[in-house]
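Take a look at the structure set out below.
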Amino acid sequence: MKQYQLSTGEKKFIGSHLLVAILALAVGSLFGPLQAFEHAGWDIYPYIKPLIKSYYQGLTVHGVLNALVWTTFFIMGFLTFNVTFGLKRALRNPTLNKVGFWVMVVGVVTAAIPILANQATVLFTFYPPLKANWAFYLGLTLVVVGSWVEGWGLFATYLGWRKENPNERTPFIAFASILTALLWQICTLGVATEILTMLLPWSLGLIENVDPQLARTYFWFTGHPLVYFWLLPAYISWYAMLPKQAGNGKMFSDSLARLSFWIFLVLSTPLGFHHQYVDPGVPPVWKFIHSMLTFGVFFPSMMTAFTVVASLEHAGRKQGGKGALAWIGKLNWSDPSVAAQLLAGILFFFGGIGGLANASYNVNLVLHNTAFIPGHFHLTVATGVTLSFMGISYWLLPYLTGRKLWNPKWAVAQAWTWFVGMIIFSNSMHVLGLLGAPRRVPLGLAPYVPAEWNSRLLQVGVGGAILFVSGALYLTVMLMTALNKEKVAEEVQVPIAESMQDPALTPVWLDRWAPWIYGTLALVVIVYGPQLVDMISNIALTSPGFRVW
Ligand code: HAS
Ligand code: CU
């Protein structure tokens with residue numbers, strides 16, 4: 001069946017997002033293995049001295065370019081694809097979306113310059129009183145504002161579609177993408193307030209001091225829902241595309257998929273204090289409420305796990321799979337997009353379990369600020385999300401460029417090397433954390449390293465080396481595909497899995513926005529309002545800035 005065609009201009013526009021995203025990943029992920037080698041005591045520093053002034057500058061480049069730039073650009077490109085392809089409709093105001101994209105690009109360059117000049121070595125969380133050059137804060141603000149503008153362009157496109165199709169169910173990939181963009185607009189109010197009312201005027205010398213406790217609270221208002229802004233695009237692919245790719249399977253339940261996204265919208269933001277369990281300025285009662293809500297936001301992921309695996313089992317059995325688990329072998333593992341996303345999901349499972357450990361207040365007191373946390377988020381954002389995005393790009397880039405995927409076998413090898421390298425790296429980081437090793441410390445130089453850490457630190461280096469190879473494989477496949485003279489034989493089919501249950505039967509309350517949005521805002525006000533009012537009315541602008549690099 002002939003699929004809806006995006007215009008060449010739209011394909012180029014979405015492709016420019018992937019280009020910036022992959023360039024950011026290329027530079028940002030280079031510093032990952034370098035940090036791992038440092039932990040293993042392989043002193044590569046003399047060789048990179050001209051490049052980077054310190055471990056912390058390298059960690060800032062790694063965290064900002066990977067966690068903030070690679071993700072945001074890939075996601076805005078993928079959401080734009082899903083809305084236009086899902087609604088079978090061009091962007092309502094392409095200029096608006098282009099303005100948003102270029103504001104993001106200017107923001108990245110504005111923030112990258114001080115980072116590379118060692119004027120913003122503040123890590124991806126940029127906690128004050130560490131103080132960066134004003135351009136860093138301005139740059140990040142522009143990236144957020146640019147993504148808001150692109151989101152407005154998606155909302156306008158959707159409203160145009162809704163007006164002409166008042167009774168139709170919103171196609172799932174468009175619905176889920178609009179919801180993700182909406183979640184982002186709500187949750188980024190925190191970090192926008194932090195930068196615009198404190199960090200930017202402070203770095204410009206307009207105010208002397210900051211209130212670190214209030215700044216952290218603003219940051220984590222955004223910081224946790226940020227992870228679902230990263231995760232939900234991967235979930236869109238797991239629900240609506242992967243079952244088709246894995247073996248011509250179907251989405252298990254359209255209603256349940258939508259319900260899980262609604263729960264993410266409602267619960268993503270009002271739980272940020274689970275990053276602040278040890279903060280003295282947050283009363284225990286709010287920490288308790290946020291921890292309960294954190295256990296609540298665990299459910300939509302569990303719903304996803306069960307229904308996506310059910311869809312995959314359906315696909316596996318359609319391919320002749322038998323037995324309780326043997327159907328797994330019948331999935332299309334030779335398709336790099338499938339291999340990458342299945343392996344991403346498997347490791348993400350363990351990342352999620354680690355998230356539960358983090359969310360448990362008393363366990364967190366042992367884990368917080370230890371190597372366990374980077375162990376957790378290298379399974380979640382660095383694998384569940386990043387390896388899924390790599391998997392999506394293995395069909396999306398050929399679709400956008402009309403060029404054949406270069407050497408699919410290399411792409412499959414890339415997925416497996418990421419999987420193996422990450423198991424070794426992340427597992428050793430988790431164990432080091434349990435042994436008391438701190439995060440964000442150059443452990444290779446630490447004089448206090450107990451003997452029992454050594455084998456794990458070596459494994460961190462080995463895992464990092466394997467991930468380095470995998471990252472190089474990915475960038476090679478992407479570059480060679482973009483340059484490939486061999487065109488695709490015919491139009492690349494976008495892998496959309498139909499739903500086993502007719503979406504027209506999906507209850508209408510799962511396709512109406514107002515009640516869910518009001519509910520989300522009400523919950524945010526209830527669980528953040530009193531504490532924010534208290535912190536703001538007692539704001540303590542007493543801390544000067546420090547530059548420890
Ligand atoms: Fe987290 C810290 C709790 C999810 C990222 N997290 C972080 C940090 C980052 C991060 C970056 O409560 C560090 C921030 C910093 O620098 O300080 N996290 C959770 C919980 C979840 C969770 C409860 N985190 C994520 C996701 C992330 C992410 C997603 C990025 C994308 N996290 C915490 C807490 C902290 C924290 C505390 C603070 C720690 C501290 O003290 O600093 C939950 O959302 C997890 C739910 C997930 C699951 C897994 C479901 C499994 C699925 C896979 C299905 C399998 C498939 C494949 C499809 C329940 C969906 C099948 C394959 C076949 C072959 C069949
Ligand atoms: Cu969190």
Side-chain angles (χ1 to χ4, degrees), residues 18 21-22 25-26 29 32 66 70-71 74-75 77-78 81-82 230-249 304-305 308-309 311-312 315-316 328-352 377-400 404-426 463 466-482 492-497:
L18 260 64
I22 293 171
L25 183 74
S29 48
N66 288 349
W70 146 251
T71 51
F74 188 94
I75 291 166
F78 187 52
F81 171 81
N82 290 336
W230 295 334
L231 181 67
L232 295 188
Y235 276 8
I236 293 170
S237 180
W238 293 1
Y239 270 115
M241 298 169 175
L242 181 60
K244 175 81 175 172
Q245 294 172 288
N248 205 16
T304 304
V308 169
V309 173
S311 306
L312 293 169
I328 292 175
K330 287 286 184 188
L331 299 173
N332 282 344
W333 288 94
S334 59
D335 175 342
S337 184
V338 173
Q341 295 183 74
L342 293 178
L343 296 173
I346 293 169
L347 288 194
F348 179 68
F349 209 92
F350 296 98
F377 65 71
H378 279 81
L379 292 181
T380 51
V381 59
T383 303
V385 170
T386 290
L387 189 53
S388 291
F389 288 3
M390 290 168 166
I392 293 166
S393 64
Y394 285 141
W395 68 262
L396 187 56
L397 190 61
Y399 174 83
L400 296 173
K404 253 183 143 188
L405 182 68
W406 182 79
N407 225 323
K409 284 205 170 50
W410 277 41
V412 172
Q414 181 273 321
W416 281 97
T417 45
W418 196 272
F419 181 71
V420 171
M422 194 56 85
I423 289 175
I424 299 170
F425 171 84
S426 165
I466 298 171
L467 286 166
F468 187 80
V469 169
S470 185
L473 279 174
Y474 176 69
L475 296 174
T476 307
V477 172
M478 286 291 107
L479 180 65
M480 299 308 282
T481 301
V492 171
Q493 284 298 299
V494 176
I496 296 290

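None of these values were measured; they are calculated from a predicted model. Numbers for residues simply follow the sequence, beginning at 1.
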For Phe377, all residues meeting side chain to side chain contact (heavy atoms under 4.5 Å, CB included), sequence neighbours excluded:
Ile373, Pro374, Thr380, Val381, Arg439
Show the nearest heavy-atom pair for residues Pro243 and Ser237, with the distance to one decimal.
CD-O, 4.3 Å
For residues Gly391 and Ala340, report the shortest heavy-atom separation together with the two atoms involved.
CA-CB, 3.6 Å
Using the side chain to side chain donor-acceptor pair (under 3.5 Å) criterion, which residues pair with Lys330? Sequence neighbours excluded.
none
Looking at every heavy atom in both Ser393 and Pro398, which two are closest together, and how far apart are they?
O-CD, 3.7 Å
Please list all pairs passing the salt bridge (charged side-chain N to carboxylate O under 4.0 Å, His left out) test where one or both residues lie in residues 404-418, with sequence neighbours left out.
Lys404-Glu486
Could you pull out all residues at least two apart from Ser470 that satisfy side chain to side chain donor-acceptor pair (under 3.5 Å)?
Gln414, Thr417
What is the ring orientation for Trp406 with Trp410, classed by angle as parallel under 30°, tilted 30 to 60°, or perpendicular over 60°?
perpendicular
Qualifying residues under side chain to side chain contact (heavy atoms under 4.5 Å, CB included), relative to Leu379, sequence neighbours excluded
Leu347, Phe350, Met422, Ser426, His430
Is the backbone N or O of Ala382 less than 3.5 Å from a side-chain atom of Trp418, with the two atoms forming a donor-acceptor pair by type?
yes
Is it true that the side chains of Tyr474 and Ser29 contain a donor and an acceptor less than 3.5 Å apart?
no
Hits for ring pair (Phe, Tyr, Trp, His ring centres under 6.0 Å) against Tyr399, two or more places apart or cross-chain, chain-then-number order -> Phe81
Scanning both residues in full, the closest heavy-atom pair of Pro408 with Pro336 reads O-CG, 4.0 Å
Residues forming a side chain to side chain donor-acceptor pair (under 3.5 Å) with Trp230, sequence neighbours excluded:
Thr71
Run the side chain to side chain contact (heavy atoms under 4.5 Å, CB included) test against Leu475 and tell me which residues pass, sequence neighbours left out.
Ile22, Ala26
Using the test side chain to side chain donor-acceptor pair (under 3.5 Å), find all partners of Asn407 that sit at least two apart in sequence or belong to another chain.
none
Report the C-alpha separation of Phe348 and Thr383 in whole Å, then their side-chain angles, then the decisive distance to 0.1 Å, and conclude whether the side-chain contact (heavy atoms from CB on, under 4.5 Å) test is met.
CA-CA 7 Å; Phe348 179 68; Thr383 303; over 6 Å; no
All ring pair (Phe, Tyr, Trp, His ring centres under 6.0 Å) counterparts of Trp416, not counting sequence neighbours
Trp333, Phe419
Taking it one step at a time, do Met241 and Asn82 satisfy side-chain contact (heavy atoms from CB on, under 4.5 Å)?
CA-CA 11 Å; Met241 298 169 175; Asn82 290 336; 3.5 Å; yes
Which atom pair, heavy atoms only, marks the closest approach of Leu242 to Val338?
CD1-CA, 4.0 Å
Under the ring pair (Phe, Tyr, Trp, His ring centres under 6.0 Å) test, which residues partner Phe74, sequence neighbours left out?
Trp70, Phe389
Side chain to side chain contact (heavy atoms under 4.5 Å, CB included) against Ser337, all qualifying residues, sequence neighbours excluded:
Gln245, Asp335, Gln341, Tyr394, Trp395
